[in-house]
Amino acid sequence: MHQTNLKLIFDILGWFGAFLFLISYFLLISKRWTSTSYPFHLCNILGGILVGVSAIYDISYPSAFINITWTLIALYGLYQDQIKNSSSRFRK
């Protein structure tokens, strides 16, 4: 694949990831989502992966680091919320 086309693909992935971050934050602030909702976590996980991959391609390691770390934190949050939800189901 031509280098310019590959660059365009990674840029589009990065922009889509940034869009996911903005949407998730807007929906959180407007109280349509909560910080424990599955869609919120999913948007943050996918956004972190996409922006992180784009940053790695662009050799922007600080940006890649923060976005991969963001992804790991979102995965941890999803995991914690799943544990909390599953334990609350057993208490009823």
Side-chain angles (χ1 to χ4, degrees):
M1 185 177 284
H2 194 268
Q3 191 69 16
T4 304
N5 292 340
L6 197 56
K7 169 84 170 117
L8 179 62
I9 289 169
F10 279 98
D11 282 347
I12 290 169
L13 291 174
W15 279 108
F16 185 66
F19 179 74
L20 288 173
F21 282 150
L22 291 174
I23 289 296
S24 69
Y25 189 62
F26 174 75
L27 292 172
L28 177 70
I29 295 302
S30 63
K31 302 201 183 323
R32 294 180 191 153
W33 284 354
T34 65
S35 63
T36 58
S37 68
Y38 182 76
F40 178 75
H41 288 304
L42 187 60
C43 278
N44 279 285
I45 291 165
L46 290 175
I49 290 169
L50 293 174
V51 175
V53 165
S54 177
I56 289 169
Y57 180 81
D58 286 337
I59 311 173
S60 178
Y61 297 123
S63 179
F65 171 77
I66 195 68
N67 283 289
I68 298 304
T69 303
W70 188 284
T71 301
L72 295 173
I73 292 169
L75 283 166
Y76 176 75
L78 178 64
Y79 174 74
Q80 288 297 313
D81 290 339
Q82 293 298 321
I83 289 173
K84 190 184 309 180
N85 288 338
S86 66
S87 69
S88 67
R89 279 184 244 155
F90 290 119
R91 290 185 200 151
K92 293 180 180 180

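All values below come from the heavy atoms of this structure, side chains included, with hydrogens, waters and symmetry mates left out. Just so you know, these numbers come straight off a predicted model, no measurement behind them.
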Open item on the list: Restricting to non-hydrogen atoms, name the atom on Asp81 and the atom on Ser35 that form the minimum distance, rounded to 0.1 Å.
Closed with: OD2-O, 4.0 Å
Open item on the list: Could you check whether atom OH of Tyr25 has more than 12 heavy atoms from other residues, nucleotides or ligands sitting under 6.0 Å from it?
Closed with: no
- [ ] For the pair Thr71 (side chain) and Ile49 (backbone), establish whether a donor and an acceptor sit closer than 3.5 Å, ignoring hydrogens and angles.
- [x] yes
- [ ] Any chance you could measure Ile45, atom CD1, to Leu72, atom CG, to the nearest 0.5 Å?
- [x] 9.5 Å
Open item on the list: Quick one, Ser54 and Val51 - any side-chain contact, counting heavy atoms below 4.5 Å?
Closed with: no
Open item on the list: Working to the nearest 0.5 angstrom, can you tell me the gap between Leu75 CG and Leu42 CG?
Closed with: 10.0 Å
Task: Considering all heavy atoms, the nearest Leu50-Leu20 contact - done: CD1-CD1, 4.2 Å
TODO: Quick one: closest heavy-atom pair of Ser63 and Ile66, and the distance?
DONE: O-CG2, 3.2 Å
Open item on the list: With a 6.0 Å cut-off (strictly less than), is the heavy-atom count around CD1 of Ile59, excluding the residue itself, greater than 12?
Closed with: no
Open item on the list: Quick check: closest heavy atoms across Ile68 and Gly52, and the distance to 0.1 Å?
Closed with: CD1-CA, 4.2 Å
TODO: Rounded to the nearest 0.5 Å, what's the gap from CG on Leu22 to CG on Leu27? Could you check?
DONE: 11.0 Å
Task: Cluster overlap Val53 with Ile12, hydrophobic side-chain contacts below 4.5 Å - done: no
TODO: First locate atom CG of Leu28, then atom OG1 of Thr36, and finally report the distance between them rounded to the nearest 0.5 Å.
DONE: 9.5 Å
Task: In one Ile/Leu/Val/Met/Phe/Trp/Tyr side-chain cluster, 4.5 Å: Leu13, Leu46 - done: yes
- [ ] Quick one: sort the Trp33 and Phe40 rings into parallel, tilted or perpendicular, breaks at 30° and 60°.
- [x] perpendicular
Open item on the list: Nearest 0.5 angstrom please: Gln80 CD to Ile73 CD1, how far?
Closed with: 13.0 Å
- [ ] For residues Tyr57 and Leu6, determine if any side-chain heavy atom of one lies less than 4.5 Å from a side-chain heavy atom of the other.
- [x] yes
Open item on the list: Nearest 0.5 Å, please: how far is OH in Tyr38 from CD in Gln82?
Closed with: 7.5 Å
